[in-house]
Structures are given as structure tokens and as C-alpha cells.
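Below, each value reflects all heavy atoms present in this structure, side chains not excepted, and no hydrogens, waters or symmetry copies.
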Amino acid sequence: MVAKTFQGLEDILRDELIALGAENVELGTRMVTFEGDQELMYRANLSLRTALRILKPIVKFTADTTDELYDYVRDLDWEQFMTVDSTFSIDSTVNSAEFNHSKFVTYRVKDAIADHFNDKYGRRPSIRLSGADLQLNVHIADNRVTISLDSSGEPLSKRGYRTEQTEAPINEVLAAGIIMKTGWRGDSDFVDPMCGSGTFLIEAALIAANINPGIYRESFAFEKWPDFNQDLFEEIYNDDSAEREFAYKIYGGDISPEAVAIARKNVKSARVDDMVELVCQSVSDWTDNAPEGILITNPPYGERLKPENINLLYKTIGSTLKNYFKGWHAWIIGFRDEQFAEIGLKPSVKIPLHNGSLECSLREYVLFDGKYSEFRAEGGSVGTAAAKKEVGPKKVRHISDDDWEKQAKKFNSGKGLTDDRNKKKKSFNRDDKKRSFDSTPHKSFDNYDDDADMDYTPSPRPASRPAYKGDRNDDRPAFKGDRNNDRPPFKGDRKGDRPAYKGDRNNDRPPFKGDRNGDRPAYKGDRNGDRNGYKGDRNGDRPPFKGDRNGYKGDRNSDRPAYKSERKPYVPGSGRGPRLPEEDADIINTVHMRSRKGWKK
């Protein structure tokens, strides 16, 4: 199986999977592969904090063109996973020079599945963009294709506890990953002085009490699979034996009263309000704190949230940390180096992370009392070997094409999914369909063979024509004349044979002797006077309107008969049908509400 995550959180997700009992766990880019059974898949969806999706691959193969992709997908045994009455959706991720558009890959896979069912049953399953019965994931790297079933459905980052949000909330999976990267597991106080909608606070509470983040979700995609084991899933869902008590406190605050109100609603929705305290105050007001603890916050970057003076905000953060959080470890995720510089502290760790489309940095500040030289003299250090190892490059094993082909064949074996494209085709032999050229038109096109024209072999020359045995050069006597002198020259006078024209070309045409102006008699009439003007009175000829211009004095509502609507019968194919009377309509609630035993309200 494959667990998807954000770049930079792969190592945390790996450790989570190993703790669940996964086998053969291997790191990838924004993903971790592992092996496990159906129970592990259920637990992964419920328990993993840093996973976005859990995918179950069903087939692996290679394709160099979209036509090869279409052919392979069309030949798969899709009846194992759906019927013609099912609905399905496709999500494609493409990183390939041959396949340069993920949407086109989605269309080709969709067409292949539809044609597979149309060929067999004359009808096809329907596409549904959300809430489909079967959700497929197509991943293409170069020419390596992996088609998987998405067991999660909605991303696992959508926990289900968030009722409202501020303008720029941090993703739940990213928030949980940042907390787990710090090493905090609920062994001290936790503070977020700029909490926004409260994501860090809620995720910290779930980690501290070891509450599964998936218990708030209404459904998972695997619940619609044919092999869904409801009893097993309900047993895993209701198992709260690993939960623990939290002996410390989680504090959150924000300068915005609206943000604090939203955070309070979300905390109450997650039912962790007994562990979280919220206040409305600025960063500079956090002056009374415990001797030690951890602070994690996500201040504005100036991209979506734009404070009046963002540099002053970061400078205030730095001064507050130095003066009032001595003995603490502060972790801040930010975007710009110049903003980090305003804090005025030396970070011990820098971890690159992506927050949405922004390449951000998570930095740790070890806060101590006194000067740095005195702190070092006492054996203190702002950096650790474990932290440096943490931010080192992840080694991702890249397998060769041959190894990948072997793995794909091994993976597909036993599933009724075989790749027949590599079987040797029957070699083409031109002598198989020899025929002599015949100019006689075909009597019938029913049995016409197009391949016969391509296999045409010219017939040999007839043997009845004897070969020419003479000497082609000696049989024809050579031309002995003079080719230049055999034609007598022209003896005539080329110019003299045609008599010259002796006339005067200019004077042969007599001049015009008439008077061009005088031949046409002048018009003696009055051009303006010939057209008789209108002598009437335009205003006076039309009699004045004697009616009432004030308009209609009747009752428009009463004079016009009321419109009597008639219920039209249902017309097939019109897209509209008759409505049921309200007293006959039943409201059906399709949401499966679970009751979790041992839940503390």
C-alpha cells in the first residue's frame, strides 16, 4: 500500500506506520510504501496523523503512449471492483515526458473503463466527482503506471472537527507533522500565541491524549467496497484503550476576537476543551508562563494576511521570546528570511517544509537565560546531532526499469491481471498470401482481403517470349551524316518578305470635327422648380388627438382572468417530472452516525 503525505513529513509518517505494525516500510517522495492486511488499512486511515491518503494498488504496468494506457486499462477485470450500476471517479498524478497532461490521462482511463463495460453489457458505470462508490488513483512516473484504489476518499487532513475557519488556516496534517517533528508528545505545556482557528491547539491535544484523528470523520471510501468488513472496522473504531491522560495544559490566543471565537468553536467540536485554554491578547502580553514548555506558531507571512507592519510583528515575537519564555523551545514556521532575521535569535534547526505552494522553513529557537557564551560554558547547545540528522536529505531508493518490470509482474501475478503485450506476435511472411496480378475487378467486396493487396508479389515474365540474342549496339547502323549540315540554311530575307506599312498611323484616323459641347442642347428648364414642393400644412393636416392620454382606468387585476395552472404529465427524456405532494414525501437520512463507546463529553 501507499501512504501519501507532504514533502518533508515522510520520516514522521514512516515512524507512524512502523508503530502500527506495517512491514517493508520504504520512504519515497511525498509518500511511504508499506505492506499490511485489511486491518492495518483500517487502522492507517483512523490513526495516521501525517497521511493524506491511503492507496491500495491493484495493477502496475508500463505504457509509452496514451493508446497503450487505454488498451491495458480496457482489458483489466473491472468486475472485481465495480458493477455497471456503480459510480467511479479518477484522480491522476503525472510526472512524465510521454504523458504531459494529467486530465488527458484521466479521460483516457475513464474511456477505457466505460468501453470495457459497454462491450460486455451494453451500458457503463457513471462518473461521479464526489462521493463515488469507487475512487481510483492513477500515478505515472516516466512510463511506469500504477492504478490504485483510494481507501480514504476525502483527504485525511479533513478531520471533521473544524466547523469554521479564519482566512488562512494551516492544514491539519501539516500542523500535526510539525508538532511531531519537535518531539513533543504531551510532556510539557504547549503554547500557540497566534492560534487563528486553533488547528495547532487541537492537533496538540489529540497527540497529547493519543486520540485517533479519524474518529471525527463520517465515512471512508473503503466502506463502499464489496469486501468491507463492518464488524472489524467498528471494533477498531471503538477501541480507545491506547488513549491517555494529559497532565499539562495547552494555551492558545490571538489578537483578533473573531479568531478566538472561531477557535473556541472548533475546540469544542473536537471535544478537547478540557485540555485547551483560550485568551484574546497580543504576542507581547504573554508574560506569565511556566518555567519550561514548547511554543509552536504560524505567524502571518504577508501573503494572504497582511499586518500593518510585519517586520515589527516579528521583532515583537523575538523580544517576547527572549524576555518571557526562558527555558522553552520555540518553533516558528515562516516564509521569508528577512522576517526571520527580525526575530534576532539564532535558530538551532532549519527544516524546509511546504505550506501550500509556499516553500517555507520551520526553525527552532532554544531559549536560555543570560549570554550565549555563558550558556555554552555551562554545557548548553542550541543544536543537536539528532536535529542535524533530522534535516538531512532523505535517501530514496530508485530501482531500475528491469527491476520495476519484475516487481510489476510479481505484483500482478495471481490477480488475473497479465500483460499480454510482450508476447511475440506471429512473424509476417510475404509468401503466405501470394497471388498473381489480376486486373479483373472484384465480383464481390464481401470477401475482399485488404491484406492481399499489401502482400502483392509480381508474377514472373512468361517463358514463351524468347530472349534477345543479338548485339544491340551492332545491329543498328551508325548515322554517317552531318547533323549540323543536313538542314539547308534559310535563304530568304526575313525582314524583306513582309512589306513595310507605308501609311501614317497617326493620320489614318480623321479628326473629330464636331462641337462636343454644342452638339448636346443645353437644358433650359428650372431644376429646382420642376419638383413641386409640398404646399400643405404638415401640422395642420393631422387632426389633434381628442382622447384621454392618462391611460387605462380599469382594474387590470380583475379584468384579466386568473391563470389556472395545470400539472403537466411526465415526459420521458425531458429532465423534469411531476413533484410529489408534501404529505407523501419522505426525508431519508443516508449519513451513518456512529456511537463511540467510552467517549468523554
Side-chain angles (χ1 to χ4, degrees), residues 154-155 157-179 189-208 211 213 216-218 249-289 293-321 324-325 330-336 339 342-343 353 355-358 360 362 601:
E154 288 286 332
S157 58
K158 295 185 177 181
R159 311 288 202 212
Y161 58 70
R162 181 180 286 175
T163 59
E164 296 183 32
Q165 66 182 36
T166 52
E167 185 177 352
I170 192 169
N171 185 280
E172 291 89 337
V173 165
L174 180 59
I178 290 174
I179 296 173
D189 285 349
F190 182 99
V191 169
D192 181 4
M194 290 174 282
C195 66
S197 57
T199 307
F200 273 124
L201 306 178
I202 298 173
E203 293 296 328
L206 298 182
I207 292 172
I211 299 174
Y216 303 98
R217 290 173 60 102
E218 295 182 355
K249 204 70 177 179
I250 297 173
Y251 300 96
D254 202 283
I255 195 173
S256 168
E258 292 80 8
V260 173
I262 292 174
R264 186 170 281 112
K265 291 180 181 179
N266 293 333
V267 168
K268 187 175 181 179
S269 174
R271 303 180 185 181
V272 293
D273 46 330
D274 58 332
M275 292 183 279
V276 179
E277 288 188 9
L278 285 161
V279 292
C280 182
Q281 63 184 23
S282 66
V283 177
S284 58
D285 294 333
W286 288 83
T287 57
D288 186 13
N289 306 300
I294 188 169
L295 181 148
I296 301 177
T297 192
N298 178 32
Y301 308 155
E303 298 296 314
R304 287 185 290 178
L305 297 178
K306 298 181 179 180
E308 294 182 0
N309 193 333
I310 192 167
N311 290 335
L312 179 60
L313 172 63
Y314 277 81
K315 188 175 292 185
T316 304
I317 293 174
S319 61
T320 302
L321 293 179
Y324 304 110
F325 284 92
W331 293 78
I332 300 175
I333 179 172
F335 178 50
R336 302 182 187 279
Q339 295 168 356
E342 295 292 338
I343 296 177
L353 290 175
N355 187 0
S357 60
L358 301 178
C360 297
L362 175 65
K601 295 186 179 180

Would Tyr161 and Thr199 satisfy side chain to side chain contact (heavy atoms under 4.5 Å, CB included), going step by step from the backbone distance to the final call? CA-CA 10 Å; Tyr161 58 70; Thr199 307; 4.2 Å; yes
Has the side chain of Asn266 got a donor or acceptor atom that lies under 3.5 Å from a matching backbone atom of Glu164? yes
Does the distance from a Lys or Arg side-chain N to an Asp or Glu carboxylate O, for Glu172 and Arg159, drop under 4.0 Å? no
Hey, could you give me the CD/OG1 distance between Glu258 and Thr166, rounded to the nearest 0.5 Å? 11.0 Å
Interatomic distance, Arg264 atom CZ to Ser269 atom OG [nearest 0.5 angstrom]: 14.5 Å
Would you indicate whether the side-chain heavy atoms of Val279 and Tyr251 approach each other to under 4.5 Å? no
To the closest 0.5 Å, what do you measure between CD (Gln339) and CD1 (Ile332)? 11.5 Å
Contacts satisfying side-chain hydrogen bond (donor to acceptor under 3.5 Å, both in side chains) that involve residues 272-283 (not counting sequence neighbours) are Ser282-Ser284, Ser282-Asp285
Considering residues, nucleotides and ligands other than Lys158, do more than 12 of their heavy atoms fall under 6.0 Å from its NZ? no
CD1 on Ile179 to CG on Leu174, rounded to 0.5 Å: 10.0 Å
I want to check something: taking the side chain as every heavy atom from C-beta on, are Leu362 and Trp331 in contact at a cut-off of under 4.5 Å? yes
At their closest point, which heavy atom of Cys360 faces which heavy atom of Gly334, and how far apart are they? CB-O, 3.1 Å
Tell me which one of Thr297, Ile250, Ile178 satisfies side-chain contact (heavy atoms from CB on, under 4.5 Å) with Phe200. Ile178
If we only count heavy atoms from C-beta on, is the Ile202 to Arg271 side-chain gap below 4.5 Å? no
Is the shortest side-chain heavy-atom distance between Tyr301 and Ile333 below 4.5 Å? yes
Taking all heavy atoms of Leu278 and all of Ala263, pick out the closest pair and write down the distance. CD1-C, 3.9 Å
For the atom pair CG (Asn171) and OG (Ser157), what is the distance rounded to the nearest 0.5 Å? 4.5 Å
Is Ser197 close to Arg162 at the side-chain level, that is, under 4.5 Å between some pair of heavy atoms? yes
Looking only at heavy atoms, what is the nearest atom pair of Tyr314 and Pro300, with distance? OH-O, 2.9 Å
What's the separation between atom CE in Met194 and atom OG in Ser256, rounded to the nearest 0.5 Å? 13.0 Å
If I compare all heavy atoms of Asp254 with all of Cys195, which pair ends up nearest, and what's the gap? OD2-N, 3.7 Å
Applying the side-chain contact (heavy atoms from CB on, under 4.5 Å) test to Leu295, which of Thr320, Val191, Asp192 qualifies? Val191
Given 3.5 Å as the limit, does a donor-acceptor pair link the side chain of Tyr324 with the main chain of Asn289, or not? no
